[in-house]
Amino acid sequence: MTERNMPKAFDSQSREKEIFHLWEKSGLTNPDNMRKYLEDKNYDVKSTYTITLPPPNANGDLHLGHVCGYSFHDVIGRYKRMTGHPVLLLPGKDHAGIQTESVFSKKLEEEGLSKTDLGRDKFYKEAYKFCMDNMKNARIQEQRIGLSADYSREFFTLDPRLTRIVYETFYRMYMDGMVYRDKRIINQCPHCMTALADVDTEHEERRGIFAYIIYPFEKEVDRKLAKKKFGVEGITVATTRPETMLGDTAVAVNPKDERYKEFIGKNVILPIMDRPIPVIAEESTEMEMGTGAFKITPAHSPIDFEIGKKHKLDVINVINEQGLMSGDIPERFKGLETKECSKALCAELAKLGLLVKIENIKHDVSICERCKTPIEPIISKQWYLNVEPLAKRALEELRSGNVKVMPAGQQKALEHFYENIQPWCISRQLWWGQQIPVWYSGSKKLYDWLQEHPGMTKKDYEKETGEKVRGNGELRLSDTQPVARRGEVWKQETDVFDTWFSSGQWPFSTLGGEDAVDFQKYYPTQMMIHARDILFWWSARMIMLGLYRTGKAPFSTIFLTGMIMSSDGSKMSKSKGNGITPTAIFDKYGADALRLWYYSDALPGSNAPLREEKIKGNRNFINKIWNASRFILMNIDNAELENIGEYRVTETERTKQNREHIEAVKNYLEKYQFNLGAEKIREFFWHTVCDKWIEEIKEEIKDEPNCSTVRLEKLGELLYILKENLKIMHPFIPFVTEAVWQELVELKLAKGILMEQQIQ
RNA sequence: GGACGGCUGGCUCAGCUGGUUAGAGCAUCUCGUUUACACCGAGAAGGUCACAGGUUCGAGUCCUGUGCCGUCCACCA
């Protein structure tokens, strides 16, 4: 036994940083360098292999899901690199639209400032700086898992180089007639004063009211009939939001409803407003709920908006962005909060004898994810994309097998999504993002007004609104402000693009767009790996936009990861306090142990509850590798080092089995079956290499003198088996295997770094 | 309401195109060893593969139905 300078246990914490640095220094995460390396060593250079990494938010810490997700990217990347492919793992960081806007606004608030204090330009600049600072943090966190990405190509999603490409896509789509403006109900948070995407809202059960209000019929004859039938001279509607009645433009009943059949097409008088509105037939109304008759407010309810569109109803706005009553309503209600208005209205209705009753109910309301304020649905004009033709093409890619989804079940879900594709609203009312490159001469309002009033002019607009406008309402696409004519002012669109519009272009924008050298070399990419829950938001869009801009699907395989749940199977969340940080796991068990656990427990698309005992079990295995290696090296006498280094291994039963094992693992990796691969390397190294072969060889050399042929033969064989196992295990558990490799290098039993070795 | 998935030993899950006594890790139990590793070794116990039908010489694996659970989307006047 020779004392080797190896501690009894593998100390992941102290070694990981140093090893990562070794890889960084090699420069081989850059595929151009890797190609050169392979050429210099006379290896057969295979096709490039590219994975564009999903960018984590630049605004905060990474969670376990991010970090573990990267272990999938990395295992593939390392394996491909070790089998002759110049590999590009392209990292980035996301500006994360609304989320960062909210995080950064909160930060400002803590400093006693607000968004509006700074103004749009300053806010943007400061937020940019904030993200740049934070990015370093995110980068360090993702590197701890051992991610062998090419940081010389790292991108931030708001990088001007990317924005240029995103703008170009928009211009082309506009020219191709795919872009249009349309009204839509948006989720307005009256507190945050911003529009929210559906995903930024939550649902919560709150106490509310259900008010029964009588809308009297316009004509005497109907009133009489109603009196006979219902005991009142009108139709009774039930509503949870009485205040929206000021914007009602119809009453809907189910055409099958015997109670109301004969009133369809008749008018009722909207109380307070004294406006006649029709009773319409609408199949979707539920006869059992309330009275079976419902007031329709297209401006302030998504479903009413749809019904309104179908029946060509007027849209009357009565609530503004601050959640206050406004518009064409009696003066006494203007400026009231919706709740106050509701109370005031109910009181007046009661006086008029038109309020039947108020029930107290509990119902689900949409609330703002951040401030928990109930959402105010309001009408607004938005930018839309007709993506139907692109969805058709994307569907063909899936059906022809050009793009595959793993697990296969999710492929069906994606096909379903494309088959039922809806127009894509690409505008957001935020400051943080890529401002839409559209300029209006005069004002956006004028532009929209002219669009809606064909044949009318700017003069008509000014007459109707009483506003003076400097410009003619023309629209122009441009990155920069157009040159103004005399008396004209150009104003840029204030909306920004939906984050997904730019991240949907991520695989080609990060390669510099169609003309760039990198694009030629590395596009289309081979693999896209991300969490299952954003399949429709992200991959679905990347395929469509990739096809549009490059004519090719941006990747051939989508590999979906599940979520890491807390040990009881529930979602990890900050609010519940059951979250475990990646740092805690790294510090306790090391990156390799976490990786190996994730490979075996987190199958594509399914969630994995985090179980520390299992990570601990894998940590034990990592240590086993370290100790087996240590033992082998301790057995080689210093005098034998040189001879063993030169030793040519002859075929034995063990080396044969070893080769078969490596083939099997390669096979799993080729098929992206990481769970089976991880299980296999663990099982084989522990129970065959350690428990059997090392024990056998211990016996076989027991009585042999130093430097004897038998010792050299047996230890040489063992060393060969160790080295081959280190190689095949390296993609899964890069740190410990590289650490051992460096011990071999130290003793001149190996050369270079393990990351660059080729698996034969 | 729509789409998709899951239901296999105490727990978390494997099990490819159907084929001999259904596997792993963790937990449990017994024994051993402390001179590579107690972050160790040897061994054991534990499952009528959700339920009901069907196809088949043969089904955890294919088909139909039922139940329960999960995820995403939509809706909640």
Side-chain angles (χ1 to χ4, degrees), chain A residues 1 4 6-10 12 198-199 203 205 210-211 237-241 244-245 248 251-252 282 284-286 289-297 300-307 361 363-366 377 405 407-417 419-420 422 531-537 560 562-563 565 567-571 589-590 593 596-597 600-603 605-635 667-668 671 673 675-676 678-680 682-683 686-687 690-691 694-695 698:
Chain A
M1 287 281 168
R4 298 283 172 212
M6 292 170 77
K8 265 191 158 186
F10 177 63
S12 55
D198 290 343
V199 281
H203 297 270
E205 194 171 71
F210 209 35
V237 298
T239 178
T240 55
R241 303 202 50 194
T244 62
M245 70 175 284
D248 281 1
V251 168
E282 172 56 43
S284 64
T285 54
E286 277 179 44
M289 195 184 280
T291 61
F294 297 95
K295 56 193 272 321
I296 301 299
T297 322
H300 299 293
S301 146
I303 183 137
D304 290 8
F305 179 72
E306 288 307 317
I307 293 172
I361 55 158
H363 64 145
D364 267 7
V365 292
S366 294
V405 184
Q410 293 299 310
Q411 173 142 352
K412 279 188 252 169
L414 186 56
E415 285 177 14
H416 186 261
F417 172 83
E419 283 160 5
N420 300 286
Q422 297 295 313
R532 187 189 45 186
D533 53 351
I534 55 169
L535 176 62
F536 305 134
W537 301 108
L560 298 170
M563 253 192 301
M565 315 299 275
S567 57
D568 60 1
S570 67
K571 260 193 183 181
Y589 305 106
L596 206 52
W597 163 75
S600 17
D601 265 30
L603 264 83
S606 55
N607 297 340
L610 184 80
R611 300 214 98 89
E612 276 201 58
E613 322 89 81
K614 299 190 81 172
I615 300 176
K616 193 171 151 193
N618 283 300
R619 192 270 322 261
N620 295 354
F621 173 61
I622 300 302
N623 192 52
K624 186 80 185 175
I625 295 171
W626 178 255
N627 267 294
S629 310
R630 178 168 158 257
F631 177 71
I632 293 169
L633 294 181
M634 281 166 72
N635 262 288
N667 215 344
Y668 287 137
K671 290 194 268 187
Q673 294 175 310
N675 59 321
L676 300 178
E679 228 169 79
K680 186 99 176 128
R682 220 177 107 102
E683 199 277 331
W686 202 326
H687 302 298
C690 295
D691 294 346
I694 289 182
E695 293 306 319
K698 251 188 209 173

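To find a chain, count down the sequence lines: A is the first, B the second, and so on, and within it residues start at 1.
Here the side chain of A:Trp626 pairs no donor or acceptor atom with the backbone of A:Met6 at under 3.5 angstrom. Although no hydrogens or angles enter the test, the distance criterion places no donor-acceptor pair under 3.5 Å between the side chain of A:Thr297 and the main chain of A:His300. Under the 3.5 Å distance criterion, the side-chain polar atoms of A:Asn627 are left unmatched by any main-chain donor or acceptor of A:Ala9.
For the pair A:Val237/A:Phe294, no side-chain contact is recorded, criterion being any heavy-atom separation below 4.5 Å from C-beta on. Annotation: side chain of A:Lys698 is not in contact with side chain of A:Asn635 (no heavy-atom distance under 4.5 Å).
Scanning RNA chain B for stems, defined as runs of 3 or more consecutive Watson-Crick or G-U wobble pairs whose donor-acceptor distances all fall under 3.5 Å, gives the following ranges: B:1-7 with B:67-73, B:10-13 with B:23-26, B:28-32 with B:40-44, B:50-54 with B:62-66.
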Letter per nucleotide, 5' to 3', of nucleotides 41-46 of chain B [B base touched, S only sugar-phosphate touched, - untouched; heavy atoms, 4.0 Å]:
SS----
When every nucleotide of nucleotides 3-11 of chain B is labelled 5' to 3' by its protein contacts under 4.0 Å (heavy atoms), B for base, S for sugar-phosphate only, - for none, what sequence of letters results?
SSS-----S
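Checking A:Asp601 against A:Asn623, the closest nucleotide of RNA chain B that is more toward the 5' end is the one next to A:Asp601.
Ranking B:C72, B:C26, B:A36 by closeness to the A:Glu695 side chain, first place goes to B:A36. Of the listed nucleotides (B:A36, B:C26, B:A14), B:A14 has the atom at the smallest distance from the side chain of A:Asn675.
Spacing of C1' atoms, B:C16 relative to B:A74, comes out at 36 Å, to the nearest Å. Going from the C1' atom of B:C51 to that of B:G19 covers 25 Å, rounded to whole Å. Using C1' as the reference atom, B:U56 and B:C31 are 47 Å apart when rounded to the nearest Å. If you take atom C1' in B:U20 and the same atom in B:C57, they sit 15 Å apart, rounded to whole Å. Using atom P as the reference point in both B:G9 and B:A52, the two lie 16 Å apart (nearest Å). Taking atom P on both B:A42 and B:U48, the two are 29 Å apart, rounded to the nearest angstrom. B:C63 and B:C26: their C1' atoms are spaced 36 Å apart (whole Å). Atom P of B:C7 sits at a distance of 14 Å from the matching atom of B:U17, rounded to the whole Å.
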Which donor-acceptor pairs under 3.5 Å do the side chains of residues 618-625 of chain A make with protein atoms, sequence neighbours left out?
unit_1, atom_1, unit_2, atom_2, d
A:Asn618, OD1, A:Arg682, NH1, 2.8
A:Asn618, ND2, A:Lys614, O, 3.0
A:Asn623, OD1, A:Phe10, N, 3.0

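Across all strands, A:Arg630 comes closer than 4.0 Å only to sugar-phosphate atoms, never to a base (heavy-atom distances). Among the heavy atoms of the strands lying under 4.0 Å from A:Thr239 are primed sugar atoms or P, OP1, OP2 only; no base atom is included. Backbone-only contact: A:Phe536 has heavy atoms under 4.0 Å from sugar-phosphate atoms and none from a base. Residue-level contact check: A:Leu676 touches the backbone only, with heavy atoms under 4.0 Å from sugar-phosphate atoms and none from bases.
Phosphate contact (OP1/OP2 of B:C39, side-chain N/O of A:Asn627, threshold under 4.0 Å): absent.
Partners of A:Phe536 by ring pair (Phe, Tyr, Trp, His ring centres under 6.0 Å), not counting sequence neighbours, listed by chain and number: A:Phe417. In this structure A:Tyr668 satisfies the ring pair (Phe, Tyr, Trp, His ring centres under 6.0 Å) test with no other residue, sequence neighbours excluded.
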